[in-house]
There are 2 protein chains.
Amino acid sequence: MPKTPPQCPMDSILRLLMGPWTTYIIWVLSDQGPQRFGALKRAVPGISTRMLTERLRMLQGAGVIWREQKQTIPPAVTYGLTSRGNDLRGVLDTLGHIAERWKDEGVFAEDEVGTA
Amino acid sequence: MPKTPPQCPMDSILRLLMGPWTTYIIWVLSDQGPQRFGALKRAVPGISTRMLTERLRMLQGAGVIWREQKQTIPPAVTYGLTSRGNDLRGVLDTLGHIAERWKDEGVFAEDEVGTA
DNA sequence: TAAAGTAGGAACGGAAAAGTAACTGCCTAT
DNA sequence: ATAGGCAGTTACTTTTCCGTTCCTACTTTA
């Protein structure tokens, strides 16, 4: 029972980006450059370590971000966007523009999308 | 406790597109033109009427699709993309290309995204 | 000695999303 | 007369996700 019919590969990619935090993480990494785990956590206010870890693993598994671990004594792990992540950047950027335009038009106002 | 920090409007739009079926519906409407409810349901294999209705309402609420109801005796309801929906089309198209490229590269293979 | 930071892992629990199934009312075709 | 299609709605159940909390092992600082 595939929820994602195979004809539509972009659904797979959306599943990847979908999570509540995913795009935000990508945005931070693309806006502020590579970050360490703690810094990332601080940059994404409200996220739990569990979620952050999970999302990072997922993105890493998809090759969207890289992970560099330094085996120093307090281990230092840094994450950054790969070229594949930069692919996404453009799309997300465009989507962001659309989103802003829509927001100006009131699409996301509660009485329009919340009700109805 | 907003899961979507206000700084990131594209998260709102992704929330809109995210659902398991949403993009597929948009794709069908953009690929095959306006469709009636039943046709749409047949075109999106596996979706339940409940989900289809919900997604359509959501997309309609966001102004992504229009809904035209003819008060004939078996009521005929047709859905189609609005100009706003066509905004999305471009992005989804790009995303689709990326997704296909990634798929060719094996990003979505289980051993890459499932394991890790 | 105790607290805090580093980068997570494991377990538990609630809430929201999604699927299933049954029902609506009206009409047409068999 | 009965089945089936139209376009859903409602209720029920399941699943899945997400957040919270506690834990690791080590080191530095107070």
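Every value quoted in this text rests on a predicted model; they were computed, and no experiment measured them. Heavy atoms only: backbone and side chains are in, while hydrogens, waters and symmetry mates are out. We name chains A, B, ... by the order of the sequence lines, and we start the count at 1 in each one.
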What's touching nucleotides 27-30 of chain C from the protein side, N or O pairs under 3.5 Å?
none

Can you pull every protein N or O that's under 3.5 Å from an N or O on nucleotides 10-14 of chain D?
unit_1 : atom_1 : unit_2 : atom_2 : d
D:dA11 : N6     : B:R50  : NE     : 3.2

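Applying the salt bridge (Lys or Arg N to Asp or Glu O under 4.0 Å) rule to B:R101 yields the partners A:D87; only residues at least two apart in sequence or on another chain are considered. Every side chain to side chain donor-acceptor pair (under 3.5 Å) that B:R50 has, sequence neighbours left out, goes to B:E54. A:N86 meets the side chain to side chain contact (heavy atoms under 4.5 Å, CB included) test with A:L81, A:R89; sequence neighbours excluded. Not a single salt bridge (Lys or Arg N to Asp or Glu O under 4.0 Å) links B:R67 to another residue, sequence neighbours left out. Taking the side chain to side chain donor-acceptor pair (under 3.5 Å) definition, one finds that B:Q32 meets it with nothing, sequence neighbours left out. A:V91 meets the side chain to side chain contact (heavy atoms under 4.5 Å, CB included) test with B:V91, B:T94, B:L95, B:I98; sequence neighbours excluded. Considering only residues two or more places apart in sequence or on other chains, B:E68 meets the side chain to side chain donor-acceptor pair (under 3.5 Å) condition with none of them.
Distances were taken from every side-chain heavy atom of A:R57 (C-beta onward) to each of C:dG9, D:dA7, D:dC18; the shortest belongs to C:dG9. Distance from the side chain of B:R55 is smallest for C:dA18 among the nucleotides D:dC6, D:dC18, C:dA18.
At a threshold of 4.0 angstrom between heavy atoms, the contacts of A:T53 are confined to the sugar-phosphate backbone, with no base atom among them.
Here A:W21 reaches the OP1 or OP2 of D:dG19: one of its side-chain N or O atoms lies under 4.0 Å away. Between B:R15 and the phosphate of C:dA17, there is no side-chain N or O to OP1/OP2 separation shorter than 4.0 Å.
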Full working for side-chain contact (heavy atoms from CB on, under 4.5 Å) between B:I13 and A:W102: CA-CA 9 Å; B:I13 213 171; A:W102 288 14; 3.9 Å; yes
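Residues A:W66 and A:L40 fall into different hydrophobic clusters, defined by Ile, Leu, Val, Met, Phe, Trp and Tyr side chains chained together at heavy-atom separations under 4.5 Å.
Taking the six-membered ring for Trp and the full ring otherwise, the centers of B:Y24 and B:W21 sit at least 6.0 Å from each other.
Nearest approach of B:P34 to B:T78, heavy atoms of both residues: CB-CG2, 3.9 Å.
Sorted by first then second residue, the salt bridge (Lys or Arg N to Asp or Glu O under 4.0 Å) pairs that include residues 27-42 of chain A, not counting sequence neighbours, number zero.
At a non-hydrogen distance threshold of 4.0 Å, A:R36, A:F37, A:G38, A:R42 from residues 33-42 of chain A come into contact with DNA chain C.
For the helix from C:dT1-D:dA30 to C:dT30-D:dA1, the angle separating the two terminal helix axes comes to 20°, with each axis derived from five pairs and the value rounded to 10°.
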